[in-house]
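These notes are about the structure you will find just below.
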Amino acid sequence: MGKKLYGLRLRAARNREDEFLGLLTEYAPYGWEEGEFSNGDILARVYAENSDYLKPLAKACAEAHFEAEKEETDAADPLSAWKEFFTPVICGNRFVILPPWLAEKPFDNLTKVIIEPKSAFGTGHHASTVLCLEALAMLYDQNKLKPGDTFLDLGCGSGVLGIAATLSGLRGVACDIDPLAIDNARENSSLNKAESMKLIQGSLEAVDNARYNLIMANILAKPLIEMAGAITKQIKPGGSLILSGILTSQAEKVASAYMQTGLNEPHEIRKEEWSALVWS
Ligand code: SAH
């Protein structure tokens, strides 16, 4: 008998889009498929191999009064739905994120970052990840980074950002408070032969208090604001900072929290309803 693939079909009114996307980002960090109902309501479908992964999402939807319906599919290949969904994502004309089954596909002049789509966020199918890699590519193009420079990937999820930086010649550390993310990042760093990246479970307090040439943090507006002082302290003088996971409507608030710690005005880049802030 084929294995089952578990799914949740969610529905939200368009006027609650920000709240709904925020909830999905938090509880379905590994990605979702988005569609639209004929009346304009948003449809999101989330799949998992293990139904336990969907429980926190179902609970959060119930609390927020978003409709959530369970789906179960018998799939000959339980990951076939995922596989269709995970297409290559090109970021900043420098990087391409690929699942392992497309690793051999040729991509001229692009650095391939191979990511095993598991429970951790960071398959490249979320605008906030793409924005970070676009920002990283931009810093390279502007010669603001050079081989051997150090980085911190704060909230590394799948490890995608740290791996891209390592493959571009930087050396650094990736950390995440979620042990599943660290497992996934370890698997991915080995798939990409980027094992020189140090992996640490925890947040800023768990990494040593060294200063870095580059800090990348794709988290969410609220924790980014709370950590403003601590993050700024760990940037080397003249270093760069990329913050992402910010809804455009929240970008000004995040920027001002960091400007209060002494940073200049950031450069903002946008994709869909998301913004990333870049200091260099
Ligand atoms: N860097 C990846 C993943 C971003 S998702 C990408 O760009 O795609 C955000 C990650 O941050 C999650 O894995 C979450 O567990 C982690 N996280 C959330 N708050 C954190 C904190 N305070 N310190 C470290 N990691 C955190």
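The residues of the chain are indexed from 1 along the displayed sequence. Start at 1 and go down the list; that is how both ligands and their atoms are numbered.
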- Query: Do Asp178 and ligand 1 have an N or O pair less than 3.5 Å apart?
  - Reply: no

Open item on the list: Does the residue Met227 have a heavy-atom contact with ligand 1, meaning some pair of atoms that are separated by less than 4.0 Å?
Closed with: yes

Nearest heavy-atom contact between Ile114 and Pro99 is CG2-C, 4.1 Å

### Query
Quick one: do Met216 and Phe95 end up in the same hydrophobic cluster if we chain Ile, Leu, Val, Met, Phe, Trp and Tyr together by side-chain heavy atoms under 4.5 Å apart?
yes

Within the 4.0 Å heavy-atom cut-off, what Leu161 brings close to ligand 1 is side chain

Quick note on ligand 1: atoms under 4.0 Å from a heavy atom of Val160 include exactly 6 (C), 8 (O)

Can you find a side-chain donor-acceptor pair between Asn184 and Ser158 that sits under 3.5 Å? no

Short version for Pro223: what comes under 4.0 Å of ligand 1, heavy atoms counted, is neither

Next on the checklist: Regarding ligand 1, does Ser158 bring an N or O atom to under 3.5 Å of one of the ligand's N or O atoms?
Outcome noted: no

Original post:
Can a salt bridge be assigned to the pair Glu195 and Lys193 using a cut-off of 4.0 Å between side-chain N and carboxylate O?
Top reply: no

Taking only non-hydrogen atoms of Cys156 and a 4.0 Å limit, the atoms of ligand 1 in range are 1 (N), 2 (C), 3 (C)

The side chain to side chain contact (heavy atoms under 4.5 Å, CB included) partners of Ile177 (sequence neighbours excluded) come to Ser203

Looking only at heavy atoms of Cys132, does any of them come nearer than 4.0 Å to an atom of ligand 1? no

The complete set of side-chain hydrogen bond (donor to acceptor under 3.5 Å, both in side chains) pairs with one or both residues in residues 128-144, sequence neighbours excluded, reads His126-Ser128, Ser128-Asn218, Gln142-Lys144, Lys144-Ser280

A student checking ligand 1 against Gly157 at a 4.0 Å heavy-atom cut-off should list atoms 3 (C), 13 (O)

*asked:* Working note: Tyr6 + Tyr47, criterion ring pair (Phe, Tyr, Trp, His ring centres under 6.0 Å); need CA distance, chi angles, decisive distance, verdict.
replied: CA-CA 6 Å; Tyr6 299 90; Tyr47 303 103; over 10 Å; no

Counting from 1 in the order shown, the ligand 1 atoms closer than 4.0 Å to a non-hydrogen atom of Ile219 are 18 (C), 19 (N), 20 (C)

